Structure formats: C-alpha cells, structure tokens
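The structure appears right after this line, and notes come after that.
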Amino acid sequence: MNGKLAIGLALLAGAVAADEPPPARRGELTSLVRQDCGSCHGMTLRGGLGPALTRESLRDKPPESLAATILYGRPGTPMPPWRAFVTGPEADWIVRRLQEGTLDEQ
C-alpha cells in the first residue's frame, strides 16, 4: 500500500472513531432508543403510535433529516425533541445504527 493511501485510510478511520460515543454511552443510547423511543415506535421498533424505525423503513430517508427529527422533534405531532438528552453526534450515531440495523451491536 502506498504511504499516502495508508495515511488517508488512517485519517478516515480516526474520523469515524471520533464520531462513536464511548462504550458506556452507546449502551445508554441503545437503552434510550429501545425504551423511550420504543414507547411510541413499538418495543421492537416496528411501529406503533409513531412509524417503524427499522432498517427497511429508514433505508431511503436522508440521515440529516432523521437526526434533526431526533433533536428537534416534529411540531404538531407527538414526536418530542430529544436535544436535552442527546447531542448532534449522538443523534447521528443513532440514525446510522438504525439505518444499518445494528443498534444492538456494541
């Protein structure tokens, strides 16, 4: 592997790792989604009062829009804002995990 490519890959890996919450926080976020989000979106996240949060249902949704919904809610609907409980990068992590179907993987 040439040196420039190796450096680029190392920088990319560092950038991705920097967006990952620490392990304990990942567990807290997973519990938040399963318990708090699950109370409206269904305990299996397959839908309820709110729409399903499965990989299939979120596949074509823009991640930025989903993260904004987590942070700011949806005015005029039961979807509340969660920005008092999660940061922007944490909302991005939740969206990424939901869209990948890997929420429960630590």
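Since the model is a prediction, treat every value here as computed from it, not as a measurement. Keep in mind that the numbers below use all heavy atoms, side chains included, and drop hydrogens, waters and symmetry copies. Counting from 1, the numbers follow the sequence of the chain as shown.
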Is the backbone N or O of Pro62 less than 3.5 Å from a side-chain atom of Ser65, with the two atoms forming a donor-acceptor pair by type? no
Does Leu45 belong to the same Ile/Leu/Val/Met/Phe/Trp/Tyr cluster as Met43, with side-chain heavy atoms less than 4.5 Å apart forming each link? no
Do Leu98 and Leu49 belong together in a cluster built from hydrophobic side chains that touch within less than 4.5 Å?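 The answer is no; the residues belong to distinct hydrophobic clusters.
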Would you give the length of the straight line joining atom [atom1] of [X] to atom [atom2] of [Y], rounded to the nearest 0.5 angstrom?
X     : Y      : atom1 : atom2 : value
Ser57 : Gln99  : OG    : CD    : 9.5 Å
Arg46 : Thr54  : CZ    : OG1   : 8.0 Å
Leu29 : Leu103 : CG    : CG    : 9.0 Å

Contact summary for [X] and [Y], nearest pair of heavy atoms:
X     : Y     : result
Leu66 : Lys61 : CD1-CB, 3.7 Å
Ala52 : Leu58 : O-CD2, 4.2 Å
Leu53 : Cys37 : CD1-CB, 4.4 Å
Val86 : Ala91 : CG2-CB, 4.5 Å
Glu90 : Phe85 : OE1-O, 4.1 Å

Verdict with reasoning, Arg97 to Asp104, per salt bridge (charged side-chain N to carboxylate O under 4.0 Å, His left out): CA-CA 8 Å; Arg97 290 303 190 115; Asp104 294 314; over 6 Å; no
Take Glu100 and Arg59, measure what salt bridge (charged side-chain N to carboxylate O under 4.0 Å, His left out) needs, and give me the verdict at the end. CA-CA 8 Å; Glu100 293 170 352; Arg59 179 180 338 185; over 6 Å; no
Glu28: what forms a salt bridge (Lys or Arg N to Asp or Glu O under 4.0 Å) with it, not counting sequence neighbours? Arg25
Report yes if the side chains of [X] and [Y] come closer than 4.5 Å at any heavy-atom pair, otherwise no.
X     : Y     : result
Trp82 : Leu32 : yes
Leu71 : Thr87 : no
Arg34 : His41 : no

Given Asp19 and Asp92, is the side-chain contact (heavy atoms from CB on, under 4.5 Å) satisfied, shown in steps? CA-CA 8 Å; Asp19 288 342; Asp92 293 339; over 6 Å; no
